[in-house]
Engineer: 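After the structure tokens below, expect a handful of questions from me.
Numbers for residues simply follow the sequence, beginning at 1.
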Amino acid sequence: MEAQMQVELRQFLLSPESKVEDRSKSLVAKQTLHFSPGGGGVQRLRDEYQDGLHLLMWISAFVLLIACANLANLMLVRATTRKQQVSVRSALGAPRRTLVLQALTESVVLAMMGGIAGIAIAFAGTRMILSLAFGKDYVPIHATPSLPVLAFAFAVSFLTGILFGMAPAWMTAKADPAEALRGAGRSTERKGAWGQKALVVVQAALSLVLLCAAGLLTRSLNNMQHRNFGFDTTNRYILHIDPQMAGYKPDKLEPLYQQLRDNLNGVPGIQQVSFSLYSPMEGDNWGEGIFLDGEPPPPPGTPDHGASWLRVSPKYFDTIGTKILEGRSINEQDTPGTRTVALVNRFFEQKYFKDGHAIGKHFSNDLKHPGAFEIIGVTEDTNYWDATSKMRAMYFLAEGQSAHITDDPRYLQFEDRSKYLNAIEIQTRGEVSGLEVQLRRILSQINPDLAVVDFQSFGSQVKANFTQQQMIAKLTSFFGILALILASIGLYGVTSYSVERRTSEIGIRMALGADRIDMLGMVLRSAFLQVGIGLAIGIPVTIFGGRFMASQLFGVKPYDPLVLMITTVVLAAAAFVAAVIPARRAANTEPMLALRTE
């Protein structure tokens, strides 16, 4: 089927009906098509979100590892404290298989209980994610967690319960009955549980990675939001209408726009009004090939030899706050009866004119009339696409003049369509009370069928371009804070357990003359040694991870030293708080009570 469609495609392109130019027919043999399942969804949407979703999956896996490390620590502590009891059971004839199954059952039950709680949280979390994606005011879809995804998550909880319960079960299986005859509870730091400390090291390293990821994404988002897009959103609004839906033909548009201009300028607080085919960063784009007057056309198949274009009314650039760097702007004297003029952006000038001077030069989007448009001005580069897109060559045509100097029917339909300037840009002198209500009333007075398609501030329209980045940055920050809390809890638990096991040692040291400061320092040194090793491991992993998420960053190096320094300080401060509480308890230990502890 696919091969048959390819043959039919090429036959159509070679037929007179396709109207392919002779110079381009050599490329017909290279044209191909591929079928893909319709259930695969929209490829562009998938490509747009897949990198961010993959990043969130990795972050979720890291948080899961940190939580599992805490669970393993809990089970290791429990296995150690019950070592003497298990030894007695083993001495009385309890088979090792029974003891191992008991330890595994405890960890699996804990994991499954956490999985059940997670499923309940998932339903609330879905609403939170949707609000992050679309905002709190309006959520266009109603979604519930996918049952296959929940089943997968529950299965992961079950498997992690088994995997992280193996170490306590192994310790139980290795229990020596002779331990029942000895003081199994006695211990010193040198005999401390290295397994618990190793898990704290892993937690510290992973927490640093997640905190740095959150810092990099937050800084990247801030850079995107505060970059110079080539326009000003202050006191500016975008109103979208659709005259075609209201029955207006192309020849009736000019009187409509003049009436709209007069009525809108009469609203108190409105400073100026303009019209355009589309406005900056609203998700629309019209593009054509470029042919320069006096230069040969580019060879067939030449990549990136075109430009985006926009039809605008007078005062358009002033209304949106775009600067004219050279020449003049489009004005009321640029009518259908005068010469066809165009403004180009700086990128266009530098790309197509080697001498760097575009004013007075001619170009067109039609091979037969390469000198149709005369360049009268150069604007600053303005971003009309999404926030991370590279700058493109762009030119601007006057409201009433022709965009296509040709009689080709294929382009004449675009010519008529481009005359519908559906975007209205409004600049006010400040906040105008009830502005939307007044605009709707003016439209209904002109024509009851002329409805408001969309009205929002210019800033809101620009902000909508950061929805995905905001969602990923907020979720990553949430996971980073959660990882920090879990790592702090793990360090606190291990340090507290270490202090409890060394109570007798602490009593002896204090009885021999050690003061409270010495005990405080001893416990803090042990805790920060684990955190220090975790940081030593986490810093190179963080640098590598930053390269992995480089596609999600804007204006930020993957190894940003400021972010790395701040997250290291935050992690160290959290570790200090987690360790100082059991350290103070050790320092306040009474020697006589400690010596009586068994």
Engineer: Under 3.5 Å, is there a donor-acceptor pair linking the side chains of S220 and N223?
Structural biologist: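 Side-chain D/A pair, S220 to N223: absent.
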Engineer: Contact between V452 and F455 at the side-chain level, heavy atoms closer than 4.5 Å - yes or no?
Structural biologist: yes
Engineer: If you measure from CG on L310 to OG on S279, what distance do you get to the nearest 0.5 Å?
Structural biologist: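 It comes to 9.0 Å.
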Engineer: If you measure only the distance, is there a donor-acceptor pair under 3.5 Å linking the side chains of T338 and Q333?
Structural biologist: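 No, because no side-chain N or O of T338 sits under 3.5 Å from a partner of the opposite role on Q333.
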Engineer: Before giving the answer on salt bridge (charged side-chain N to carboxylate O under 4.0 Å, His left out), spell out for K323 and E380 the whole-Å C-alpha distance, their side-chain angles and the decisive distance to 0.1 Å.
Structural biologist: CA-CA 6 Å; K323 298 176 182 176; E380 64 177 318; 5.5 Å; no
Engineer: Backbone N or O of A358 within a donor-acceptor pair of the E349 side chain at under 3.5 Å?
Structural biologist: yes
Engineer: Distance-only, no hydrogens or angles: does the N345 side chain make a donor-acceptor pair with backbone N or O of M394 under 3.5 Å?
Structural biologist: yes
Engineer: Kindly indicate, with the supporting measurements, whether the criterion side-chain contact (heavy atoms from CB on, under 4.5 Å) is fulfilled by L260 and L443.
Structural biologist: CA-CA 8 Å; L260 281 171; L443 291 178; 3.4 Å; yes
Engineer: Would a distance-only check, ignoring hydrogens and angles, find a side-chain to backbone donor-acceptor pair under 3.5 Å from T322 to G230?
Structural biologist: yes
Engineer: Show the nearest heavy-atom pair for residues L397 and S402, with the distance to one decimal.
Structural biologist: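 It is CD1-O, 4.4 Å.
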Engineer: Check whether D381 reaches the backbone of R346 with its side chain - one donor and one acceptor, N or O, closer than 3.5 Å.
Structural biologist: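 Present.
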Engineer: Describe, in one word, how the ring planes of F348 and Y352 are oriented to each other, choosing from parallel (under 30°), tilted (30 to 60°) and perpendicular (over 60°).
Structural biologist: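 Rings of F348 and Y352: tilted, 30 to 60°.
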Engineer: Working note: T379 + V344, criterion side-chain contact (heavy atoms from CB on, under 4.5 Å); need CA distance, chi angles, decisive distance, verdict.
Structural biologist: CA-CA 6 Å; T379 73; V344 299; over 6 Å; no
Engineer: If you look at every heavy atom in V563 and L216, which pair is closest and at what distance?
Structural biologist: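 So the minimum-distance heavy-atom pair works out to CG1-N, 3.9 Å.
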Engineer: Assert yes or no for the condition that the ring centre distance of F275 to Y316 is strictly below 6.0 Å.
Structural biologist: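 No; Y316 has its ring centre 6.0 Å or more from that of F275.
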Engineer: Kindly compute the distance separating CD1 (I424) from CD1 (I426), expressed to the nearest 0.5 Å.
Structural biologist: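 These two atoms lie 6.5 Å from each other.
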Engineer: Is the side chain of S460 donor-acceptor paired with the backbone N or O of Q456 at a distance under 3.5 Å, no angle test?
Structural biologist: no
Engineer: What orientation do W286 and W309 show, parallel under 30°, tilted 30 to 60°, or perpendicular over 60°?
Structural biologist: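 Correct class here is perpendicular.
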Engineer: Does D304 pair with K351 as a salt bridge, N-O distance under 4.0 Å?
Structural biologist: yes
Engineer: Can you tell me how far apart CD1 (I290) and CG (D366) are? Round to the nearest 0.5 Å.
Structural biologist: 11.5 Å
Engineer: Is Y384 reaching over with its side chain to a backbone N or O of E282, donor-acceptor style, under 3.5 angstrom?
Structural biologist: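 Side chain of Y384 to backbone of E282, a donor-acceptor pair under 3.5 Å: no, none is there.
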Engineer: Kindly indicate whether the side chain of I375, heavy atoms from C-beta on, has any atom under 4.5 Å from the side chain of L343.
Structural biologist: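 No, side chains not in contact.
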Engineer: Exactly one of Q427, E425, E399, R261 should register a side chain to side chain donor-acceptor pair (under 3.5 Å) with S274. Which one does?
Structural biologist: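 That would be E425.
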Engineer: Would a 4.5 Å heavy-atom cut-off, applied to side chains only, mark I359 and V378 as touching?
Structural biologist: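 A side-chain contact under 4.5 Å exists here.
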Engineer: Is W58 atom CH2 crowded by more than 12 heavy atoms from other residues, nucleotides or ligands, each under 6.0 Å away?
Structural biologist: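 12 or below, so no.
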Engineer: Heavy-atom distance under 4.5 Å between the side chains of F458 and N235, does that happen here?
Structural biologist: no
Engineer: Parallel, tilted or perpendicular for F317 and F396, by the 30°/60° rule?
Structural biologist: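 Rings of F317 and F396: perpendicular, as their planes differ by over 60°.
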Engineer: Using ring centroids (six-membered ring only for Trp), state whether F291 and H305 fall under 6.0 Å.
Structural biologist: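 Distance test on ring centres: not under 6.0 Å, no.
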Engineer: Main chain of R339, side chain of E374: is a donor-acceptor contact present, judged purely on distance under 3.5 Å?
Structural biologist: no
Engineer: Should R441 and E436 count as an ion pair when the cut-off is N to O under 4.0 Å?
Structural biologist: no
Engineer: Give, for atom CD1 of I442 and atom CG of N447, the distance between the pair rounded to the nearest 0.5 Å.
Structural biologist: 14.5 Å
Engineer: Do P268 and V432 touch side chain to side chain, with heavy atoms closer than 4.5 Å?
Structural biologist: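 In short, these two side chains do not touch, never coming nearer than 4.5 Å.
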Engineer: Evaluate the criterion side-chain contact (heavy atoms from CB on, under 4.5 Å) for residue pair I270 and L435; output intermediate values, then yes/no.
Structural biologist: CA-CA 9 Å; I270 290 184; L435 178 60; 4.1 Å; yes
Engineer: Please report the C-alpha distance between D293 and K361 in whole Å, then the side-chain angles of each, then the deciding distance to 0.1 Å, and finally whether the salt bridge (charged side-chain N to carboxylate O under 4.0 Å, His left out) criterion is met.
Structural biologist: CA-CA 8 Å; D293 188 28; K361 306 290 180 62; over 6 Å; no
Engineer: Before you tell me yes or no, could you show the steps for W385 and M391 under side-chain contact (heavy atoms from CB on, under 4.5 Å), namely the whole-Å CA-CA distance, both residues' side-chain angles and the distance that decides it to 0.1 Å?
Structural biologist: CA-CA 9 Å; W385 310 276; M391 187 54 60; 4.1 Å; yes
Engineer: Looking at CD of E326 and CD1 of I376, how far apart are the two atoms once the value is rounded to the nearest 0.5 Å?
Structural biologist: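 Answer for the CD-CD1 pair, E326 versus I376, is 13.0 Å.
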Engineer: Search all heavy atoms of Q461 against all heavy atoms of P280 and return the closest pair with its distance.
Structural biologist: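 So the two residues come closest at NE2-O, 2.8 Å.
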Engineer: Is a side-chain N or O of T218 found less than 3.5 angstrom from the main chain of A214, in a donor-acceptor match?
Structural biologist: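 Between the backbone of A214 and the side chain of T218 there is a qualifying donor-acceptor contact (under 3.5 Å).
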Engineer: Does the D232 side chain pair with the main chain of I320, one donor and one acceptor, at a distance under 3.5 Å?
Structural biologist: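 Side chain of D232 to backbone of I320, a donor-acceptor pair under 3.5 Å: no, none is there.
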Engineer: Does the distance from a Lys or Arg side-chain N to an Asp or Glu carboxylate O, for E431 and R236, drop under 4.0 Å?
Structural biologist: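 Salt bridge flag = no for R236 with E431.
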Engineer: Measure the acute angle between the ring planes of F363 and F373, then classify it against the limits of 30° and 60° as parallel, tilted or perpendicular.
Structural biologist: perpendicular
Engineer: Are the side chains of R311 and S276 in touch, meaning some heavy atoms are under 4.5 Å apart?
Structural biologist: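 Side-chain contact under 4.5 Å: no.
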Engineer: Between the side chain of N465 and the main-chain N/O of V462, is any donor-acceptor distance below 3.5 Å?
Structural biologist: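 Confirmed, N465 side chain pairs with V462 backbone.
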Engineer: Between N422 and Y278, is any pair of side-chain heavy atoms under 4.5 Å apart?
Structural biologist: no
Engineer: Write down the atom of S418, the atom of L277, and the distance for their closest heavy-atom approach.
Structural biologist: O-CD1, 3.5 Å
Engineer: Do L564 and T542 touch side chain to side chain, with heavy atoms closer than 4.5 Å?
Structural biologist: yes
Engineer: Nearest 0.5 Å, what's the CG-CG distance between N383 and N228?
Structural biologist: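 The CG atom of N383 sits 10.0 Å away from the CG atom of N228.
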